[in-house]
Number of protein chains: 2
Amino acid sequence: MQLYSFFNSSTSYRVRIALALKGLPYDYLGVNIRTGQHREPEYVDGINPSASVPALVDGSFTLGQSFAIIDYLDARHPEPRLVPQDPVQRARVLELATLIGCDIHPVNNLRVLRYLQDVLQVTPAQKDAWYRHWIDEGMAGVERLLALHGHGKWCFGDAPTLADVTLVPQVANALRMGCDLGRYERVLAVYAHASAHPCFAQAAPKRQPDYTA
Amino acid sequence: MQLYSFFNSSTSYRVRIALALKGLPYDYLGVNIRTGQHREPEYVDGINPSASVPALVDGSFTLGQSFAIIDYLDARHPEPRLVPQDPVQRARVLELATLIGCDIHPVNNLRVLRYLQDVLQVTPAQKDAWYRHWIDEGMAGVERLLALHGHGKWCFGDAPTLADVTLVPQVANALRMGCDLGRYERVLAVYAHASAHPCFAQAAPKRQPDYTA
């Protein structure tokens, strides 16, 4: 398989964790979204019509969108399963993962922050406040879900799921941006446990071939 | 079952379509997100920790996040299945649905538009341009996916899937906001076909008990 990825992209990071947990080897193909490589016609027309990272190539099959990719990997390589099969466990995992993936991540990604800066010409302080606002709104929800349904070291149950796979990149991103997450104790506890796991660690931005400081 | 919903919420609209397609009766409980009912402690602590609509109550089980809810309905009431079981068909459906659900919808929802207006104090013209910008970015991707993998009247195959369930509310929202979608021919063709289906029609905002002009 080949993975089109950018080291600092949270959605790419999710898929890298999933591939590592499943022990699947792949070729890493860097796509620099800072310089707009994800918008170049050969990438959009040939690899990923979503004009984003990540994209997975599995033989003649090419797929974009991180949640679709991880679901596909679960279907093709079910060990270990990242989205449980039991309807209730599955629902809890998808609820937390999509809270992060729909309510937090999209509003704070690079293209949105750039629009704020370049088109709306907000100040750096306004951009930081925007970022922190959506992190706080979303992480408060994640903390509430963990308080109601969480189990301990991992978000749910005694093994990593899509919930952890989605939580770790988002928390890493928030910490890198200087957010104070101190009030989200359960979130930080899961992050500390999960990010130290070898498969999560090897998927981290700094360990990728296209990493730059 | 009970559904906490707001008539004009695209994510609620998705779940209403899914419930209608599966022929499942439910009690409609309106949550006015314009007046902030989704943030009231009794709702956040008792119903939906995500502090959003929709939320589904099925006996003693309560669940937020539209994609998690539809996946749960598919597990409990698989006829008709909205996310196919075949890995490749499933991947295509999830790719398109999450392109809309992650790349388009969150950036243009009510809370974000209100932040732009109330906190960043953008002009109405700037807010409209923001909305159109993300619609165009995302719909161009949806159109490319349909050109590559689409089948005709429905997004994929000869029956509605989660892709159509996600596309219709987003297109309806864009049209209501006055976006010109003329260049997205395949998107508009699916929308015309799907939105005329009785189950999609009965889920439309104007048909809900909490509708106001």
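Protein chains get the first letters and strands the later ones, always in sequence-line order, with residue 1 at the start of each.
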- Under 3.5 Å donor-acceptor, B:E95 side chain and A:G64 backbone: yes
- Query: With chain A, which of B:E143, B:E137, B:Q85 has the greatest number of heavy-atom pairs at distances under 4.5 Å?
  - Reply: B:E137
- Message: Please find the pair of heavy atoms, one from A:S50 and one from B:R144, that lie closest to each other, and give the distance.
- Response: C-NH2, 4.4 Å
- Query: For A:A129, is it the side chain, the backbone, both or neither that has a heavy atom under 4.5 Å from a heavy atom of chain B?
  - Reply: both
- Out of A:I104, A:V107, A:V122, which one racks up the most heavy-atom pairs below 4.5 Å with chain B? A:V107
- Between chain A and each of B:G101, B:G141, B:A91, count heavy-atom pairs under 4.5 Å; write down the option with the most. B:A91
- Can you tell me how far CD of A:Q65 sits from CG of B:L99, rounded to the nearest 0.5 angstrom? 5.0 Å
- Around A:Q117, counting heavy atoms of other residues, nucleotides and ligands shown, do more than 12 lie under 6.0 Å from its CD? yes
- Would you mind checking which part of B:T123 comes under 4.5 Å of any heavy atom in chain A, side chain (CB onward), backbone (N, CA, C, O), both or neither? neither
- Query: Should the heavy atoms of other residues, nucleotides or ligands under 6.0 Å from NZ of B:K153 be counted, would the total exceed 12?
  - Reply: no
- For B:V112, is it the side chain, the backbone, both, or neither that has a heavy atom closer than 4.5 Å to a heavy atom of chain A? both
- Pick one of side chain, backbone, both or neither for B:L148, based on which atoms fall under 4.5 Å of a heavy atom in chain A. side chain
- Task: Assess whether atom CG of B:D118 is packed by more than 12 heavy atoms of other residues, nucleotides or ligands within 6.0 Å.
- Result: yes
- Item | Which of B:L145, B:D74, B:D71 touches chain A most, by non-hydrogen pairs under 4.5 Å | B:D71
- Sort out for me which of A:S66, A:A147, A:A68 touches chain B most, counting heavy-atom pairs under 4.5 Å. A:A68
- Query: What is the minimum heavy-atom distance between A:P87 and B:Y72, and which atoms define it?
  - Reply: O-CD1, 3.9 Å
- Task: May I have the step-by-step check of side-chain contact (heavy atoms from CB on, under 4.5 Å) for A:L63 and B:L94, ending in yes or no?
- Result: CA-CA 10 Å; A:L63 182 65; B:L94 289 176; over 6 Å; no
- Message: Heavy-atom pairs under 4.5 Å with chain B - which of A:P106, A:A51, A:A75 has more of them than the others?
- Response: A:P106
- Closest heavy-atom pair and its distance - B:D103, A:R111: O-NH2, 2.6 Å
- So, the part of A:H149 with a heavy atom under 4.5 Å from chain B: the answer is neither
- Item | Choice from B:V142, B:N109, B:T62, B:D86 maximising heavy atom contacts with chain A below 4.5 Å | B:T62
- Query: Would you say the side chain of B:V119 lies within less than 4.5 Å of the side chain of A:Q126, judging by non-hydrogen atoms?
  - Reply: no
- Query: Taking the inter-plane angle between the rings of A:W130 and B:Y115 on a 0 to 90° scale, is it parallel (under 30°), tilted (30 to 60°) or perpendicular (over 60°)?
  - Reply: perpendicular
- Query: Are B:L120 and A:K127 side-chain neighbours, meaning at least one heavy-atom pair lies under 4.5 Å?
  - Reply: no
- Message: Within the supplied structure, the quantity of interest is the number of heavy atoms (other residues, nucleotides, ligands) at a distance under 6.0 Å from A:E185 CD; does it exceed 12?
- Response: no
